[in-house]
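Computed from a prediction, not measured in an experiment: that's the story for all the values here. To find a chain, count down the sequence lines: A is the first, B the second, and so on, and within it residues start at 1.
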2 protein chains.
Amino acid sequence: MSVPLPPSRLRARKAVLPTSAVPDGTRRRILEAALQLFASRGFHGASIRDLATALELRPSALYAHFSSKEHVLAELVLMGHEAHHEGLRAALLGAGSEPIEQLRALVRAHTLLHANHPQLAVVVNEEIHSLPPELAAPALALREQSAALLHAVIERGRAQGVFSVPHAGVTAAAISTLGLRLPYWYEPTPALDVDMLADLHVELSLRMLGVQGPPAPAS
Amino acid sequence: MSVPLPPSRLRARKAVLPTSAVPDGTRRRILEAALQLFASRGFHGASIRDLATALELRPSALYAHFSSKEHVLAELVLMGHEAHHEGLRAALLGAGSEPIEQLRALVRAHTLLHANHPQLAVVVNEEIHSLPPELAAPALALREQSAALLHAVIERGRAQGVFSVPHAGVTAAAISTLGLRLPYWYEPTPALDVDMLADLHVELSLRMLGVQGPPAPAS
DNA sequence: GCTATCTGAACGAACGTTCGTTTCGCAAGG
DNA sequence: CCTTGCGAAACGAACGTTCGTTCAGATAGC
């Protein structure tokens, strides 16, 4: 009951899976509870018994749905990368052929995904290192593909002369990073909702790429 | 011997403490080995026995120097925050009174610290969440002071009209983030050494702040 | 009566930590 | 020069607990 609060990385918020590919049922409940726990205490800091307690189950019951604790993490990590990659791909498809529009779409999607699914963003980016290489590999492959999307847009924009950057790789890293650290400080408020945040990240990204935007409001 | 390689977050590089405040000896060796281990496997993923093995000691020997595993981490986390804060403070003192120069100094120092001490950066930013609140508190206080330094410079620049940002808080977060994610992708090479990287981060930061820099080289 | 799900008990291993003993460098005393 | 005593450091063995996981059996829905 009155156990001293364990340290927590993310304010407790209900974890929501970004996909409907996992049908309702115990398996989905396990994934959502594990997402919450792994995000707040880390993979090694959250035990199977913690997970079972959160689900009001006995530890052994989990093994009817997953073959090991690592496989639960692996599924979360893969799912997160899939949602991310699919989000970027869809955004790019919906944008026109102009690099500026494409970049706007990518940064918006990247920011919205990280802001709307902070726990998954944390687990995907931190706890993937707790997976053995063979379980992490599929996710890492997806990650490379996602990075390639951004690089391609930046390179095209540079070739067309609409982007002007001192160093494409460092700039791409900077833009990706905007989203990656979000879960650690951002929380939606009426004064700064996810949509405004995405617009701000687009603006910052374009500035880094040397695109002259509209003058900033006086505020 | 041929144990299957455990997953690792950071390429193995010798961990160097950024301070000479810790005298040579076993205590310092423990801190450096723990830094290496905690950075690569995480606090919960690295055991006292792992640490002892790396030091060619028996687990019990460590307790002559630290009262618990948590206290080893706490010392690393505090030391990292102190080095960071002191680095920023010194950089700011060495800069003039112009916001642009002050920002350049802060971003340079921030980037150099993270690039030169990647393990410490990772431990400080990720593993601090494994500490009980009372051990994390001193470091968190320092962190707030460091953030305040950046905020103050941005606010002064904005008041003087040399910076023009759509949202000061989000821009400050973006600039901090540039350094925080460095350990995960950057490694010094002749083609991109730490000094060039710091310059690039300064340039990106000034662009985000709406400062017109020199035109980017054609490369 | 088959299948899917969960329980209860238990397994061996690994965990952080404690404690009595041993080792060793070194200064003091004869 | 040898002995003695001392404090710091490391050892070796063990502690109680928690870890991930297994498995035979109970339960429930089709």
Side-chain angles (χ1 to χ4, degrees), chain A residues 1 3-7 22-38 40-77 123 127 129-132 134-136, chain B residues 1-7 22-35 37-38 40-77 123 127 129-132 134-136:
Chain A
M1 279 299 158
V3 174
L5 283 207
V22 180
D24 283 353
T26 305
R27 189 182 164 85
R28 187 183 183 107
R29 285 184 61 229
I30 293 176
L31 286 172
E32 291 182 337
L35 177 53
Q36 171 101 260
L37 274 175
F38 292 166
S40 76
R41 301 189 216 167
F43 178 70
H44 289 300
S47 73
I48 286 284
R49 283 169 177 83
D50 294 335
L51 183 52
T53 300
L55 290 160
E56 298 189 277
L57 287 177
R58 258 32 69 190
S60 52
L62 306 180
Y63 288 84
H65 304 273
F66 292 90
S67 60
S68 79
K69 186 189 175 193
E70 275 181 350
H71 281 83
V72 178
L73 175 59
E75 180 142 343
L76 286 173
V77 165
V123 167
E127 305 306 328
H129 303 111
S130 298
L131 285 176
E134 66 272 18
L135 285 181
Chain B
M1 278 300 158
S2 78
V3 173
L5 284 207
V22 181
D24 283 350
T26 305
R27 189 182 165 85
R28 187 183 184 108
R29 286 183 60 230
I30 293 176
L31 286 172
E32 289 181 338
L35 177 53
L37 275 175
F38 292 167
S40 76
R41 301 189 215 167
F43 177 70
H44 289 300
S47 72
I48 285 284
R49 284 170 176 83
D50 294 334
L51 183 53
T53 300
L55 289 161
E56 298 189 279
L57 286 177
R58 259 29 72 188
S60 52
L62 305 181
Y63 289 84
H65 304 273
F66 293 90
S67 59
S68 79
K69 187 189 175 194
E70 275 181 349
H71 281 83
V72 178
L73 175 59
E75 180 141 342
L76 286 173
V77 165
V123 168
E127 305 305 328
H129 303 110
S130 297
L131 286 177
E134 65 273 18
L135 285 181

Q) Tell me: CZ of A:Phe66 to P of C:dC6, nearest whole Å? A)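 Distance check: A:Phe66 CZ to C:dC6 P gives 12 Å.
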Q | Euclidean distance, atom OH of residue A:Tyr63 to atom P of C:dT5 [Å, nearest integer] | A |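 Taking OH of A:Tyr63 and P of C:dT5, I get 17 Å after rounding.
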Q.
Closest-nucleotide mapping onto DNA chain C: is A:Leu62 or B:Glu70 further toward the 5' terminus? I mean the 5' end.
A.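 With A:Leu62 and B:Glu70 compared, the 5'-side residue is A:Leu62.
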Q) Tell me, which pairs form a side chain to side chain donor-acceptor pair (under 3.5 Å) where one or both residues lie in residues 53-67 of chain A, sequence neighbours left out? A)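 Pairs touching residues 53-67 of chain A that pass the test: A:Ser67-A:His71.
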Q: Please determine if a side-chain N or O atom of A:Ser68 lies less than 4.0 Å away from the OP1 or OP2 oxygen of D:dG20.
A: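 For D:dG20, OP1/OP2 do not have a side-chain N/O of A:Ser68 under 4.0 Å.
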(Q) Just N and O in the side chain of B:His65: are any of them under 4.0 Å from OP1 or OP2 of D:dA10? (A)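 It does, given that an N or O in the side chain of B:His65 lies less than 4.0 Å from OP1 or OP2 of D:dA10.
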Q | Backbone N/O of B:Val22 and side chain of B:Arg28: donor-acceptor pair under 3.5 Å | A |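 Looks like yes, one N/O pair under 3.5 Å.
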Nearest 0.5 angstrom please: [X] [atom1] to [Y] [atom2], how far?
X: A:Ile30; Y: A:Leu76; atom1: CD1; atom2: CG; answer: 11.0 Å
X: B:Arg29; Y: B:Leu62; atom1: CZ; atom2: CG; answer: 10.0 Å
X: A:His129; Y: A:Phe43; atom1: NE2; atom2: CZ; answer: 14.0 Å

**Q.** Side-chain heavy atoms of A:Glu127 within contact of A:Val77, under 4.5 Å
**A.**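 A side-chain contact is absent here, since even the closest heavy-atom pair is not under 4.5 Å.
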Q) What is the per-nucleotide protein-contact pattern of nucleotides 11-19 of chain D, from the 5' end, where B denotes a base atom under 4.0 Å from a protein heavy atom, S denotes such proximity for sugar-phosphate atoms only, and - denotes neither? A) BB-B----B
